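One structure below.
Please read these numbers as outputs of a predicted model, since none were measured by experiment. A note on names: the letters A, B, ... follow the listed sequences, proteins ahead of strands, and every chain is numbered from 1.
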Amino acid sequence: MSTATGTTATSSQSVTLAKALNMGLRAAMEADDKVLVMGEDVGKLGGVFRITDALQKDFGEHRVLDTPLAESGIIGTAVGLALRGYRPVCEIQFDGFVFPGFDQIISQVAKLTYRSRGAYQMPLTIRIPYGGGIGAVEHHAESPEAFFCHIAGLRVVACANPADAYWMIQEAIACPDPVVFFEPKRRYWEKGELDTSVDPGTTFSSVLRSSSNNSAVTLIGFGATMPTVFAAAAAAAEDGIACDVVDLRSLSPLDLGPVLESVQHTGRAVVVSEAPGEVSLASEVAARITEEAFYSLAAPVQRVTGFDVPYPPSKLEEEYLPDLDKVLHAVDRSLAY
Amino acid sequence: MSTATGTTATSSQSVTLAKALNMGLRAAMEADDKVLVMGEDVGKLGGVFRITDALQKDFGEHRVLDTPLAESGIIGTAVGLALRGYRPVCEIQFDGFVFPGFDQIISQVAKLTYRSRGAYQMPLTIRIPYGGGIGAVEHHAESPEAFFCHIAGLRVVACANPADAYWMIQEAIACPDPVVFFEPKRRYWEKGELDTSVDPGTTFSSVLRSSSNNSAVTLIGFGATMPTVFAAAAAAAEDGIACDVVDLRSLSPLDLGPVLESVQHTGRAVVVSEAPGEVSLASEVAARITEEAFYSLAAPVQRVTGFDVPYPPSKLEEEYLPDLDKVLHAVDRSLAY
Amino acid sequence: MAPEQWTPSPQAPAAPEGVGAATSPSPAEVARGLRATGEGADTIQLLSPEGEYTPHPDFPIEVSGELLRDLYRDMVLIRRFDREGNSLQRQGQLSIWVPLLGQEAAQIGAGRGMRDQDMAFPSYREHGIAWCRGVDPTELLGIFRGTNHSGWNPVEKRFHTYTIVIGNQALNAAGYAMGQVFDGKVGGGPESDSEATITFFGDGATAQGDIHEAMVFATAYDSPVVFYCQNNQWAISEPIEKMARLPLYRRAAGYGMPGFRVDGNDVLACLAVTRWAMDECRSGNGPVMIEAFTYRMDAHTTSDDPNRYRMADTTEAWKLLDPIERVRVHLVREGLADQDFFDGIQAEADALAERFRAFAVAMEPPGPETMFSGVYTAPHAQTERQRAEFLEYLEGFGDDAAHGEPANAAGGGH
Amino acid sequence: MAPEQWTPSPQAPAAPEGVGAATSPSPAEVARGLRATGEGADTIQLLSPEGEYTPHPDFPIEVSGELLRDLYRDMVLIRRFDREGNSLQRQGQLSIWVPLLGQEAAQIGAGRGMRDQDMAFPSYREHGIAWCRGVDPTELLGIFRGTNHSGWNPVEKRFHTYTIVIGNQALNAAGYAMGQVFDGKVGGGPESDSEATITFFGDGATAQGDIHEAMVFATAYDSPVVFYCQNNQWAISEPIEKMARLPLYRRAAGYGMPGFRVDGNDVLACLAVTRWAMDECRSGNGPVMIEAFTYRMDAHTTSDDPNRYRMADTTEAWKLLDPIERVRVHLVREGLADQDFFDGIQAEADALAERFRAFAVAMEPPGPETMFSGVYTAPHAQTERQRAEFLEYLEGFGDDAAHGEPANAAGGGH
Ligand SMILES: Cc1ncc(C[n+]2csc(CCOP(=O)(O)OP(=O)(O)O)c2C)c(N)n1
Ligand SMILES: Cc1ncc(C[n+]2csc(CCOP(=O)(O)OP(=O)(O)O)c2C)c(N)n1
Ligand SMILES: [Mg+2]
Ligand SMILES: [Mg+2]
């Protein structure tokens, strides 16, 4: 998998996505002592995924807070801390547990800057390990990005590889606006190249990961689905079907520049995400592409998403999730037009 | 405005949407003594909109519950009551106050039937007065339907006129599945014909409200936006542009039958809703129409929605909300293709 | 025996201490639903309804004629513009008004119990607190006229925006107070620059999970936050007895923080206890809970009709406990104020009301472009595109804004 | 003096009653963050760690040899299959297991304190309660093997599905108990057909708003629900001292309901107090809160590594308080059981573990079509369309399910 910078400079190292996030958090905490990490078990334990490993030991209990077990409390107090000039980074332990904090997110986090007519900033980052494929029990494998993308006042991003993880978490923390930061938990242990010496500039934008001038279809993914998308592109190539690949990274606001450019040539697009398809980010991507590239489209944008059922027992999750075959099948559907 | 049954039989009466809901609730409570009404101020006060007026007086404090001021508590206890065999009808006082109950809705209401593999039913109705245009303060004019349409396990409907209000609330209460029931608060005091003697059958389906064989555009709305859509259709007709009009009524699952039929002829569609457009029901409608009627479309589906900003101060809401001119403008955009 | 050690023996147990007077229900009775939320045995009062002043040993306060006259003035002025808000709404100048009538002492006492460096997180009825924080009453009007969601600068005034979603602000306050600890601004004495935070909520709000979580976080982090509950006994149409069995301040003990009930119509008690609580938090002994027991004399808001759910005579009875009247009586009896003083205050109040009204009537609706301002602090492509497209769309109408086809550009959300 | 009447005077106040022993912090100390959640002055114990039985006047219970042997058997059996669950996970047969080790008494005491007609709302660690409700241990396996989200019929067993989202179940239980009131099933004596409900949650869960709201609703509607908190002192890596200042049962008093702390490693105390509490609720005196003070002897789950956050020696110390051992000692000392009995139980336990393991290993993954079952009770067009399309899509692969292009039909979500 290519890194965000695409570089493989000798100064780069191979690290897991989890490690890159840990390094990014550490860098942000070193750069600004107003940065706080807070959540359940983020202290001594380092979080259930160890993303905050050793941060409390090195920065102290007032910089890394093991909070009481209450998500509304975590988000609600983080809001107060942000108003006090801090830059809280809240860890939600698993996707399915963000909902007790949903009210504070939509009613306060997203609206206080607007309500105060700019007097308040809300430099708050909400980290959510999301997505399936890890054989977990209920509530531990969901993809709730759609809920947050629909909320004006929030920015929503997802990282798909170690380099992006490292840079994007720092950009999120530095942002004066609230950022909901999605981490593909299934990919935490996948390695990638990271060159901490080359600042890639803004990472809150979508990127064309691969392209060719004879591409027939544009494949669109983000976060957890990128490896699937790359695999599908490779498999399709074997069958003689070249595909462009776009990693959205910024889910709200959507940055469709590279997508539209690609679709001008391909005329076909397939968007891949794990969440149920109904009223999802995939719906928005499909609608937006159609609005902005109508005459270029040779086929309707194909959506490859989870089914509109609650996330199933883990023995069924491989059936539920988008996979290589489902993406290839969507490519065929698209080409069939 | 035509009623759900379209009939104007002599047995019909002219009632407000609010009154129709009150009559529907009363009919449901008389038909089944397991039906409970619960929420804030639904008792003596009859709710802040008087939808439950006189129900506590007539059915008693154990059938109509003034609950403590806690939405998670209202939904969470309603779940327990449903498991006990009751059919709770929860009133959320205003759209913006459903979010403290969001966790119970997504984690329990929507999932318990699935989790119990059908052993449990969840005959629970959540009434939400929604939408803007009443000059209210913050949190009192939002349209949160997108959040619920994205949740598998819920059914989501919206009524747009007194007849539908009367029949749909009864269908929701009779449904063994949880139903999120959206009421266009701005339309509570608008009158319409209601004939309680003619059961229209299922109302959880979309209906073609008006059509012609020379229609150029299909206008799609639901709940609060229907009067705007009808007005736009009338205005367009004056300009010689005939429009079909569809009232979705069932927002999840979407029933696009009548829409697709109409689009086969018109080749053009405009969907109108008050919520911010990003990752909204309008996105889903646009994406679905494009998927299922691609070759029929002469133009991309046009969306007329609220802007992607928090609901503004009420002196600006008429600028924020879809109105006749915005719909006509979208019709022009569509015809310009 | 304290209620946490209720005797389980079925035979009638002794009345639990804390529930207080013998007239109050026994544990078993409470468990069977007899309510005692109004039980007042341990209510802190310094100034009786008859205007008698009795110092309280635990809450020492210097009571001078000047202090009493200032508090009287505060209460008269806020009541006056509050009434003006009501009439402005009746006359269609405001879409809604949230009256504070009856809660003048609860608010002025608390507001004057704060020090400049302290921070306040109000609900939506705290016009009296706003007054004490230096927010001009006219800055409150935007919310109720619909021209903005908050009219003052919360950072400068150290008075947070109003919070309408019940309970949210308590957690925001608890977090802010955690920041005061982290900033090393806690631990000094009353006259130090150490800080404290106070948050306001109603009796009904105590049912919300956020209030509980705020108390959990505050006690977990020893945060300098005062939880100030104005128990006006009604949550719109619901009496607090429906939601609680005991006086609300008694929840505090379970979290391990001090809790008190004060006579919410006694401005001196509210002032003395709030000042003590803020200084206690300031010195590092926070959090503290205060329940100001009072009564909502008017409707919930101008949209509400109390006649549907409560007896007028109860309200009449509470008039005898009027928070302003008892101060006036005391001032007169003690010869601390003469008629000129009262006339002067009245004149000042009328002038304020006049200015308040004039400002309200003259308020212009904001321009459409402001709808897109402040959504984000950093540049945001989508918001900017929508603003530009909408303004272009509006231009399309030229003069005839009501009808006519726009010339070009996209409308709507997308 | 009860804590709700803390003396505000700065000079060191007396230790508040309830916080108990003189060794425990004073109010001011508590306010400064000294924790006393483990303070045990008022913990209810019937059977000491040394196996000494002392009746409790408030919680009378007939203790026969048969009862003790049954309780011993229950605890040995659930510990045995719990350990088997752990090893099954280690061997890759389960994706995760949630151990109950150390909480056998807290669970068997509560489970046996229920009557058939009662209803239970568990969290996710209550395998011992499931056992008492007649749920076969093998019915628990689906959740941890990933073949279902709940393996038993919650209606037949009167044992609700496990609830993973912390706190949710307490509100569902409070609502169910309201239904018991509305159904006229509350008010009878212990032997009547009157009903009660019990809900289980942990120490960490007490921070959640839902737990608070459940107590508010339960006390508002006089619901027959027992709030049973298993305080095993840890929420994954967080000790309860981080979240609370005082013993958790003391929250109850603030709501106006009885609250007790029992020795959670004493099965007789847990049984006696739970039975009393359930019958108290049954008779109409609910709700009641019980805090069973115990210790999580194993990891939070098989995914957890306690060595990162707690001392092994504390865990070692708690072994001396083992809930099963004290019953064994008592049975032996009192001559209520001989070696044959203990051998018999051990054999029964091993047989159960064997059956448990065999069942787990043989469990088949569910068919893909089941993914669409039970989402809705009434017909649902979209779900049915997606099921049909997906099955058609799968057929497209024929035998070669791993690769190959499907012949036709739509995949994915739409
Ligand atoms: C979460 C939420 N639910 C419902 C409402 C609607 N509402 C506004 S005020 C109110 C009653 C509040 O009563 P109380 O807390 O006693 O405060 P008071 O109005 O008496 O000052 C309600 C239910 C709301 N604002 N927020
Ligand atoms: C709302 C929510 N947040 C976070 C989690 C993740 N989580 C699972 S168990 C647990 C700790 C629970 O501790 P406690 O309540 O003491 O129960 P115990 O596990 O000790 O029995 C956490 C944080 C969750 N399941 N639900
Ligand atoms: Mg009130
Ligand atoms: Mg625990």
Under a 4.5 Å heavy-atom cutoff, which of A:Leu81, A:Thr67, A:Ile74, A:Val79 has the most pairs with chain C?
-> A:Leu81

Toward chain A, the part of C:Gln180 with a non-hydrogen atom under 4.5 Å | both

Using non-hydrogen atoms and a 4.5 Å limit, figure out which bit of C:Ala378 sits close to chain A: side chain, backbone, both or neither.
-> both

Measure up the C:Phe182 and A:His62 rings against each other and bin them: parallel (under 30°), tilted (30 to 60°), perpendicular (over 60°).
-> tilted

Would you say C:Asn172's side chain and A:Gly80's backbone share a donor-acceptor pair under 3.5 angstrom?
-> no

Atom group of C:Val165 that falls short of 4.5 Å from chain A, counting heavy atoms | side chain

Beyond-backbone contact of A:Tyr120 with C:His160, side-chain heavy atoms, under 4.5 angstrom = yes

Contact part of C:Tyr162 toward chain A, heavy-atom cut-off under 4.5 Å: side chain, backbone, both or neither?
-> backbone

So, the side chain of C:Asn153 versus the backbone of A:Ala119: is there a donor-acceptor pair under 3.5 Å, distance only?
-> no

Looking only at heavy atoms, the pair that brings C:Gln382 and A:Pro253 closest together is CB-CB, 4.0 Å

Nearest heavy-atom pair of C:Thr161 and A:Ser116: which atoms, and what distance?
-> CG2-CB, 4.2 Å

The interface call for A:Asp33 against chain C, heavy-atom contacts under 4.5 Å, is neither

Look only at the side chain of A:Gln104 and the backbone of C:Asn168, and say whether a donor-acceptor pair between them is shorter than 3.5 Å.
-> yes

Decide yes or no for C:Met371 and A:Tyr114: does some side-chain heavy atom of the first lie under 4.5 Å from some side-chain heavy atom of the second?
-> yes

What part of C:Thr383 gets closer than 4.5 Å to chain A, counting heavy atoms only: side chain, backbone, both or neither?
-> neither

Looking at C:Val216 and A:Pro68, what are the two nearest heavy atoms and their distance?
-> CG1-CB, 3.8 Å

Please look at A:Ala70 and chain C and tell me whether the side chain, the backbone, both or neither of the residue comes under 4.5 angstrom of a heavy atom of that chain.
-> both

Proximal component of A:Ile75, with respect to chain C [non-hydrogen, under 4.5 Å] = neither

